[in-house]
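Notes for the one structure printed next.
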Amino acid sequence: MQVLVRDNNVEQALKVLKKRMQREGVFREMKQRRAYEKPSERKAREHDEAIRRHRKAARKKAQWEGLIAAPKRRVKPINARGPAAGSAPSFTTR
């Protein structure tokens, strides 16, 4: 895996690398390899993951075809401590 560092911005490059590694499942695999996993347990886990992937794909397809309703989108709550909606911003001058 390769990440380019632009303008000596190492923090941004590390952030991109971490995101790519997480997407590839490197961290999950490292966590699993900390302890020995019996072949029977591995087979059962992979079977369960396959079922989960299949159900998710079927659910997405049913939502796309309109057979089931898509989940409602969350609306961000208005910050109670901030200014009221529609009020003019307050500025202080010296």
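By convention here, the first residue in the shown sequence is residue 1. Values below: every heavy atom of this structure, side chains too, minus hydrogens, waters and symmetry copies.
- Counting only distance, with no hydrogens or angles, the side chain of Arg6 and the backbone of Ala13 share no donor-acceptor pair below 3.5 Å.
- Among all heavy-atom pairs drawn from Phe27 and Met21, the shortest one is CE1-CB, 3.9 Å.
- Residue Lys15 holds its NZ atom at 10.0 Å from CG of Asn9, rounded to the nearest 0.5 Å.
- The shortest non-hydrogen separation linking Gln63 to Pro71 is NE2-CD, 3.4 Å.
- Annotation: Asp48, atom CG; neighbour count of heavy atoms from other residues, nucleotides and ligands within 6.0 Å is above 12.
- Residues that satisfy the side chain to side chain contact (heavy atoms under 4.5 Å, CB included) test with Val10, not counting sequence neighbours, are Val5, Leu14.
- Applying the salt bridge (Lys or Arg N to Asp or Glu O under 4.0 Å) test to residues at least two apart or on different chains, the pairs with a partner in residues 25-44 are Glu29-Arg33, Glu37-Arg45, Arg42-Glu46.
- Annotation: salt bridge (Lys or Arg N to Asp or Glu O under 4.0 Å) contacts involving residues 57-78, sequence neighbours excluded, are absent.
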